[in-house]
Amino acid sequence: MDETHDFKSLQDQLQAALIATTRTTGQISAEDLGFHRSFNPEVGTALDEQSERVLALASALLKSAASISDLRAPTLEDADDVENNWRSVVDVVDSLLEKSDTCLDEYTGVIKRKDTTAVEPSTQIPSRSKKQAGNTYRNQNLVKPQLAFDVKPDNSDESPWKPLLTSKPHATVSLEDSLPTFTNDFGQIQHRHPYEAEILQLQYPESMYQKSEPIPYLPFETTSATFIDTEEGVLEMLEELKAASEIAIDLEHHDTRSYVGLVSLMQISTREKDWIVDTLKPWRQNLQVLNEVFADPKIIKVFHGAFMDITWLQRDLGLYVVGLFDTHHASRTLGYAGGSLAFLLKKFINFDADKQYQMADWRIRPLPEEMFFYARADTHFLLYIFDNMRNELIDRSNPEIPDENRIETTLQKSKETSLQRYERQVYNVESGKGPGGWYTQLLKTPSLLDKEQFAVFRAVHEWRDKIARIDDDSPAYVMAQHTVLSIAKNLPMDMVALLRLAHPVSHGVKSRAGELLDIIKQARTQGKDGPSMMDILRPETAGVEASTRTKAPSPVSGPVATPKTLVAVMDEGDLRSNNSTFWGGAFGSSVWDAPNTTQTKNDNLRLAVPLPPLSSEIFGTPQGFAEQAEVAKETPLPPSPPPRQETKTDEPFILKRGSKRKSEIISDAEEGNRNSEFDISLDVEEDSKAAAKLQRRAEKKAKKAAKKAAEAEEGAAAEMDVDEDEGDDDDNEVFDYSKAESVLHGKKDGEKGGKRKNKPFDPYVKSMDAPKGMRRLQTERAGKSHTFKS
């Protein structure tokens, strides 16, 4: 009873203290702390002291909570650390709440206490199954390892990047002779690939073209990988790699807190052993000794998706790959449903790869157990997958047909991948083209920017790249792409608006917010007379459109106030291009795009091109047709006759008048054709058809006359439409209003002359007997159903 009372009193005290703290925090945050700091310096000092105390308490609580779980407690040194590590804080709190919930369920008997028995080894990542576990190790606030490198990165260097090689093992061309310069697509001078000649002349070993039984991989659970973080360990590993005929390689890369990126880890596996090499050591460029294996054409290097790995190895470690086999190209050549490493692991190994650590921060040292497990799995099974895919490529290859020689296609694509070169990122301010330029983002922008917005967009994009180079951070870390576009659209003119748009605010932006605001204001002022967005996207028409706009007089004098919108209003000239983006100028303007108003319109001409007379000699000798075609081109067209003026004659009013009869239309066309000088008829049977039509027309007229005579004898009062299908409406008699019956006081059927009138023609009478369609479905309405109505 006393224990319950003591717990109840402790709970009340804690709850009251938490409520008071929460209220005080809310009141403080509602005040203008910046004003109070400037008004009274003692307030600023007190706030800083309390902030440090609260951060220290929060760090201690997080460490205490993380000590009973498998999570790593984040270190909170300042307010920015809280925002950067907020996900880690949430993970720690969630794990604490989950454990509390489990303990309460065990105490109340809802679940049984879990026995702490030995767990059998598994091929899955141990100790963590939550989806948020991989996010725990993302974007850690660590000291940048590049600051301790023997050769530190220089992001301001714009000279041509030269390979880091100091020697060239397995060379057929010397190192000096293999590094000539050339100009790339962006106008930059670059060095050639130092192993270009060796890769192009490469002959893969005979074992690559011969089927063999796949060599089983060693059990994953009973073996371990060796972590290499010393130069001595690298040399010991090198001696073992030289004895292998195939090796598997993979890299882990970090590109958030570095401008060009960092190779953080390298995994290498043979049939018997796995190594994980720390590539963030100060002596990392001494790893060039591995070129004795990497450049050896007798040793097959198996990668998966090596497109970026090849350039990263060149840039950071000075390593070049000769004898590459890319399993990604093999999966595409074989037509697999998936091309990822996870797909291949599931297909050949039945191993579920946990890719939540793919985007983790691989700079973390010491490496957590989960990330070590993930890194090792990328290469441990890769050689066994290579054996199976090589055999399948050989089985499905036909050496006699180049397109069906799948093994050779895969090897050729692997060669092309190994010929990739690293090029230095040079920022072009004017054109925006090249790696990291603003031109690519401008093409992906779905909205149009006016001149001021476009000038601000270019200025902010250039400023972001400059700050990223100075701080050695990626441009996306300094400011996201969508943030640059948002600032350009809204054009903030004060600090509050700028920081609101730049959220989340990085340290580089926060510490230079005033500088960025001045750049925005200056760019907006200069952009009024600068180029427009469409002038950059269509430079070939910029000069013509600019001159056209200057010559066009303004219909309204004086300034006109226009409402400010986020999307610029462009004229038709900006939105419409004379050339197709896809087809270019392959097709000329059509008659509906650019109507020709210089030619006089002549409706009587059925064909306005004077063709040469067609004869058997023309089709027998192609030269004759060409010669007569040349004569036809020089023959000028005769002037078209002036249009006929139709004179209207007085004609009696007819109540019911149908369209022209087909016979009359034909006769009118024939008359028009007689007047036309260029009547070209290619149908040789036209004369006989015309005679047959005239004969049928005469027979129809005779039949109609006989029918009318018979109706007159019977005394029919109503006029019948005898031949409605053939459009015979021109034979109706003129309606006489003086003899017409009254419409308002008309007689019913059978009253006049004791004879019942025939029913009027109903075109829908046959459809009355047709089957009806399905009734409209009764849809269920929201709320209570009709079934439950009382």
Side-chain angles (χ1 to χ4, degrees), residues 25-26 28-38 47-48 51 54-55 58 74-91 93 132 135-142 255-259 359 361 436 438 441-442 444-447 449 452-524 564-567:
T25 304
I28 294 175
S29 61
E31 298 292 336
D32 190 354
L33 298 181
F35 170 76
H36 290 292
R37 282 177 178 271
S38 60
L47 287 174
D48 294 338
S51 297
V54 170
L55 286 173
T75 303
L76 306 179
E77 297 179 355
D78 52 22
D80 291 337
D81 291 341
V82 177
E83 184 176 355
N84 295 334
N85 299 304
W86 181 248
R87 190 177 293 276
S88 301
V89 174
V90 172
D91 290 340
V93 175
Q132 295 91 353
N135 294 326
T136 305
Y137 302 113
R138 292 191 66 176
N139 300 332
Q140 297 291 308
N141 190 16
L142 306 173
D255 55 4
T256 302
R257 302 306 306 273
S258 172
Y259 184 77
M359 301 303 295
D361 192 343
W438 50 262
Q441 184 183 358
L442 193 66
K444 299 178 182 179
T445 302
S447 57
L449 306 177
E452 294 182 4
Q453 293 172 338
F454 180 55
V456 171
F457 171 78
R458 295 174 61 183
V460 174
H461 199 282
E462 179 187 359
W463 178 87
R464 182 186 71 156
D465 184 83
K466 182 183 72 173
I467 299 304
R469 291 175 183 268
I470 294 174
D471 294 347
D472 197 15
D473 288 326
S474 67
Y477 178 80
V478 176
M479 184 182 293
Q481 297 276 17
H482 64 86
T483 304
V484 178
L485 188 61
S486 180
I487 291 175
K489 285 183 177 181
N490 292 274
L491 301 176
M493 290 291 104
D494 55 71
M495 192 70 66
V496 176
L498 174 61
L499 295 178
R500 186 185 299 115
L501 292 172
H503 187 79
V505 185
S506 64
H507 176 73
V509 175
K510 188 176 182 181
S511 59
R512 303 177 178 92
E515 175 187 349
L516 177 58
L517 188 61
D518 293 339
I519 290 176
I520 294 174
K521 293 179 180 179
Q522 183 180 1
R524 184 176 183 180
K564 181 66 178 175
T565 58
L566 293 182
V567 179

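- Atom CG of D471 and atom OG of S506 lie 8.0 Å apart (nearest 0.5 Å).
- Applying the side chain to side chain contact (heavy atoms under 4.5 Å, CB included) rule to Q522 yields the partners Q526; only residues at least two apart in sequence or on another chain are considered.
- Between atom CE of residue M359 and atom OG1 of residue T256 there is a gap of 7.0 Å, rounded to the nearest 0.5 Å.
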### Message
Could you walk me through whether I467 and M479 satisfy the side-chain contact (heavy atoms from CB on, under 4.5 Å) test, starting with their C-alpha distance in whole Å, then the side-chain angles of each, then the deciding distance to 0.1 Å, before giving a yes or no?
### Response
CA-CA 10 Å; I467 299 304; M479 184 182 293; over 6 Å; no
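- Taking all atoms of both residues into account, the shortest heavy-atom contact from A455 to A523 is CB-O, 3.4 Å.
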### Task
Determine, step by step, whether F454 and L442 satisfy the side-chain contact (heavy atoms from CB on, under 4.5 Å) criterion, reporting the C-alpha distance in whole Å, the side-chain angles of both residues, the deciding distance to 0.1 Å, and the verdict.
CA-CA 9 Å; F454 180 55; L442 193 66; 3.6 Å; yes
### Message
side-chain contact (heavy atoms from CB on, under 4.5 Å), that's the test. Do I520 and M493 meet it? Break it down for me.
### Response
CA-CA 8 Å; I520 294 174; M493 290 291 104; 3.9 Å; yes
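- In this structure a side-chain-to-backbone donor-acceptor pair under 3.5 Å is missing from N490 to P492.
- The distance from atom CG of D361 to atom CG of L142, rounded to the nearest 0.5 Å, is 5.5 Å.
- Looking at heavy atoms from C-beta onward, V509 lies in side-chain contact with V478 at the 4.5 angstrom threshold.
- Counting only distance, with no hydrogens or angles, the side chain of S486 and the backbone of H482 share no donor-acceptor pair below 3.5 Å.
- Residues that satisfy the side-chain hydrogen bond (donor to acceptor under 3.5 Å, both in side chains) test with Y477, not counting sequence neighbours, are R257.
- Distance NZ/K510 to NE2/H507: 9.0 Å, rounded to 0.5 Å.
- Below 30°, between 30° and 60°, or above 60°: for H461 and F457 the angle between ring planes is between 30° and 60°, a tilted geometry.
- When every heavy atom of A513 is checked against every heavy atom of M495, the shortest pair comes out as CB-SD, 3.4 Å.
- In this view, R500 satisfies the side-chain hydrogen bond (donor to acceptor under 3.5 Å, both in side chains) rule with no residue, not counting sequence neighbours.
- A donor-acceptor pair is defined here as one N or O able to donate and one able to accept, closer than 3.5 Å; no such pair exists between the side chain of Q481 and the backbone of Q441.
- In this structure, CG in L491 is found 11.5 Å from NZ in K489, a value given to the nearest 0.5 Å.
- Interatomic distance, CZ of R512 versus CD1 of I519, reported as 10.5 Å (0.5 Å rounding).
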